Amino acid sequence: MTIAERRLCFEEAVAYVQESGQCAFAAVPVFGDDGETAEGARVFIVERGAGGGIRIRFLAGPFFSAALAADEILAGDEIPDRVRLLQFLPSTCREEWCSDQIQVLIGKLMQAAQVLAPEMPDYLGMPARAAAPEVAFPISMIGRPGAPEKGR
């Protein structure tokens with residue numbers, strides 16, 4: 001089965017999470033000023049919330065950095081419409097993965113989804129570069145509405 005055949009719309013992802021207790025995720029690249037080079041990613045993980053509902057764990061950040069631009073939990077009624085338009089892959093996730101570099105998190109989610117991607121680099125084996133604990137990336141990096149654009 002190909003990745004395309006395994007993708008779920010938002011409603012299917014919610015049903016999968018509620019029935020299986022696992023998660024489903026979508027990853028969206030964030031492109032640089034040249035519009036061609038992906039500099040980071042936004043990751044949306046659909047998971048069970050309190051009381052049997054669902055929630056979205058939203059993580060975003062640049063590649064090859066331990067600092068995240070966002071690490072938030074969105075309750076079911078807070079999920080933006082644009083997230084509901086994404087395609088998700090069924091997977092599993094561990095809490096500790098969410099503190100990994102964004103490309104490592106995506107790699108682990110893909111591996112847990114049993115997606116074989118031999119062309120993916122070995123991000124786990126690469127040397128890590130970490131930002132100081134007080135470093136946070138500007139909210140404009142993840143493209144939130146109303147956030148100032150880069151360079152302003």
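All values reported here derive from a predicted model rather than from experimental measurement.
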>> Is it the case that the side chain of S99 and the backbone of E96 share a donor-acceptor pair, with hydrogens and angles ignored and the cut-off at 3.5 Å?
In response: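 At least one qualifying donor-acceptor pair exists.
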
> Short question: side chain of E19, backbone of Y16 - any donor-acceptor pair under 3.5 Å?
Replying inline: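 Absent.
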
Atom pair [atom1] ([X]) and [atom2] ([Y]), whose distance is rounded to the nearest 0.5 Å:
X: I45; Y: I56; atom1: CD1; atom2: CD1; value: 9.0 Å
X: K108; Y: F25; atom1: NZ; atom2: CZ; value: 13.5 Å
X: R55; Y: E72; atom1: CZ; atom2: CD; value: 13.0 Å
X: I102; Y: F63; atom1: CD1; atom2: CZ; value: 8.0 Å

>> I106 vs V43, test: side-chain contact (heavy atoms from CB on, under 4.5 Å). Steps then yes/no.
In response: CA-CA 8 Å; I106 293 168; V43 179; 3.7 Å; yes

>> For a 4.5 angstrom cut-off between non-hydrogen side-chain atoms, does L68 reach P62?
In response: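 Counting from C-beta outward, L68 and P62 never come under 4.5 Å.
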
Atom of [X], atom of [Y] and distance for their closest heavy-atom approach:
X: A38; Y: F31; answer: N-CD2, 3.7 Å
X: C98; Y: D71; answer: O-OD2, 4.4 Å
X: E12; Y: C9; answer: OE1-N, 2.9 Å
X: Q101; Y: F64; answer: OE1-CA, 3.5 Å
X: R42; Y: F58; answer: CB-CE1, 3.9 Å

> How far apart are the C-alpha atoms of F10 and I54, what are their side-chain angles, what is the distance that settles it, and do they pass the side-chain contact (heavy atoms from CB on, under 4.5 Å) test?
Replying inline: CA-CA 11 Å; F10 182 75; I54 60 110; 4.1 Å; yes

> Ion pair present between R57 and E47, side-chain N to carboxylate O less than 4.0 angstrom?
Replying inline: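 No, this pair does not count.
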
Going by atom type alone, with no hydrogens or angles, which donor-acceptor pairs under 3.5 Å involve a side-chain atom of residues 85-93 and a protein atom two or more places apart or on another chain?
from: S91; atom 1: OG; to: L109; atom 2: O; distance (Å): 2.8
from: S91; atom 1: OG; to: A113; atom 2: N; distance (Å): 3.4

